[in-house]
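Down below is the structure, laid out as structure tokens.
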There are 2 protein chains.
Amino acid sequence: MPTFGQRLRDLRKAKGLSQRALGDMAGVNFTYISKIENEKLDFAQFPSEQLIRSMAAALEADVDELLLLAQKIPEPIKRRVIERPDAFRKFASLDDETINKLLEDLEDG
Amino acid sequence: MPTFGQRLRDLRKAKGLSQRALGDMAGVNFTYISKIENEKLDFAQFPSEQLIRSMAAALEADVDELLLLAQKIPEPIKRRVIERPDAFRKFASLDDETINKLLEDLEDG
DNA sequence: ATCCTGGTTGCTGTTGGAGTTCAACACTAT
DNA sequence: ATAGTGTTGAACTCCAACAGCAACCAGGAT
């Protein structure tokens with residue numbers, strides 16, 4: 001799994017955009033993009049959820065993937081956790097192996 | 001399901017504490033407790049995660065229950081979601097019926 | 001050699017809004 | 001009347017999330 005900064009840089013280059021171009025599209029200064037990509041942000045470890053959404057839109061990338069890399073829970077997942085806390089507390093307590101089995105069951109099921 | 005404010009008030013009264021007493025224990029002004037209980041917070045819909053933890057400790061209550069009522073994802077669940085985004089994106093997309101079946105499978109399985 | 005274009009980073013500055021307190025008031029009950 | 005409790009609008013503090021300059025480096029084109 002790449003870091004948020006690495007992934008952002010890859011997505012940007014794949015689109016052939018400069019930091020300045022992406023900055024303009026997302027509405028932030030290009031030096032801030034640089035700091036994000038190099039993980040040199042002063043206090044916050046990651047940019048705001050709003051900015052992540054703007055950047056994902058500009059890059060035509062998967063918002064939720066970027067949110068997860070930035071340690072933020074995407075809205076649809078969050079909603080479901082709040083709705084079914086019983087289930088998700090259980091799921092969260094499972095080890096990788098058991099989770100994998102569940103996923104397989106869902107494939108065929 | 002009660003609101004966060006209602007539940008907090010119930011827990012506090014069950015302990016026979018005044019707002020001032022709880023406020024002192026949790027390290028905040030009692031007027032803030034009042035606003036939380038009556039949901040009169042201007043912008044923030046809920047208090048910070050830190051304060052919720054302090055109050056839960058003072059009330060000897062279940063932290064995760066209060067966190068969920070305050071629409072915040074408890075840390076252990078959040079960690080697992082970040083570790084296995086593939087699985088939890090899938091789980092979150094399931095309807096109640098399918099989730100129930102999964103839980104049953106886990107009971108016997 | 002000089003000039004773009006693109007990127008990095010330290011530094012200082014700005015600001016919206018979350019979080020909290022203050023002041024004043026109201027209601028009981030004793 | 002006063003002690004304890006709760007409510008509420010206004011005001012305050014504080015900092016995360018940016019802005020943005022300045023100086024510097026690397027590589028490529030002219």
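FYI, side chains are in, hydrogens and waters are out, and symmetry mates aren't considered; it's all heavy atoms of this structure. Reminder, nothing fancy here: chain letters follow the sequence lines and each chain counts from 1.
For Glu49(A) and dG16(C), the CD to P distance is 21 Å, given to the nearest whole Å. Put simply, CD on Gln50(A) is 17 Å from C1' on dA19(D), counting in whole angstrom units. Protein atom CD of Glu39(A) is 18 Å distant from nucleotide atom C1' of dG10(C), rounded to whole Å. Look at CG on Asp42(A): it is 14 Å from C1' on dT8(C), rounded to the nearest Å. Atom CG of Leu22(B) and atom P of dG4(D) are 19 Å apart (whole Å). Taking atom CG on Asn29(A) and atom P on dT14(C), their separation rounds to 16 Å, with Å as the unit. Atom CD of Glu37(B) is separated from atom C1' of dT5(D) by 12 Å (rounded to the nearest Å). Counting to the nearest Å, the P atom of dA16(D) and the CD atom of Gln45(A) are 13 Å from each other.
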Legend entry - Canonical and wobble pairing (Watson-Crick, G-U, under 3.5 Å) of DNA chain D, dot-bracket with |: ||||||||||||||||||||||||||||||
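Closest to the side chain of Tyr32(B), out of dT8(C), dT20(C), dT12(C), is dT20(C). Of the listed nucleotides (dT8(D), dG6(C), dC18(D)), dT8(D) has the atom at the smallest distance from the side chain of Asn38(B). Nearest nucleotide to the Ser34(A) side chain, out of dG6(D), dT9(C), dT20(C): dT9(C).
Taking NZ of Lys35(B) as the reference point, atom CG of Asn29(B) lies at 8.5 Å (rounded to 0.5 Å). If you take CZ on Phe91(B) and NZ on Lys90(A), they are separated by 12.5 Å, rounding to the nearest 0.5 Å. From Arg9(A), atom CZ reaches atom CZ of Arg12(A) across 6.0 Å, with rounding to the nearest 0.5 Å. Of the inter-residue distances, the one linking Lys13(B) atom NZ with Gln19(B) atom CD reads 8.5 Å to the nearest 0.5 angstrom. Interatomic distance, Asp24(B) CG to Phe30(B) CZ, rounded to the nearest 0.5 Å: 10.0 Å. Distance CD/Glu97(B) to NZ/Lys101(B): 5.0 Å, rounded to 0.5 Å.
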Legend entry - Check against side chain to side chain contact (heavy atoms under 4.5 Å, CB included), Phe88(A) and Arg80(A): CA-CA 8 Å; Phe88(A) 281 88; Arg80(A) 210 75 185 98; 3.9 Å; yes
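At a threshold of 4.0 angstrom between heavy atoms, the contacts of Ile33(B) with the nucleic acid are absent. Using a 4.0 Å heavy-atom distance criterion, Ser48(A) is classed as a sugar-phosphate-only contact. Counting non-hydrogen atoms under 4.0 angstrom, Ser18(B) reaches the backbone sugars and phosphates but no base. When heavy atoms are screened at a 4.0 angstrom cut-off, Gly23(A) is found touching no nucleic acid atom at all.
Arg20(B) contributes no side-chain N or O that forms a donor-acceptor pair with the base of dG4(D) under 3.5 Å.
For Thr31(A) and dG20(D), the shortest distance from a side-chain N or O to OP1 or OP2 is not below 4.0 Å. Contact check, Gln19(A) against dT8(C): a side-chain N or O comes under 4.0 Å of OP1 or OP2. Between dG6(C) and Arg9(A), no contact under 4.0 Å exists linking OP1 or OP2 to a side-chain N or O.
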Name every donor-acceptor pair, under 3.5 Å, that has one atom in a side chain of residues 60-74 of chain B and the other anywhere in the protein, sequence neighbours excluded.
from	atom 1	to	atom 2	distance (Å)
Glu60(B)	OE1	Lys15(B)	NZ	2.2
Asp62(B)	OD1	Asp64(B)	N	3.1
Glu65(B)	OE2	Arg7(B)	NE	2.6

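Comparing Lys13(B) and Lys35(B) by the nucleotide of DNA chain D that holds the closest heavy atom to each, the one mapping nearer the 5' end is Lys13(B).
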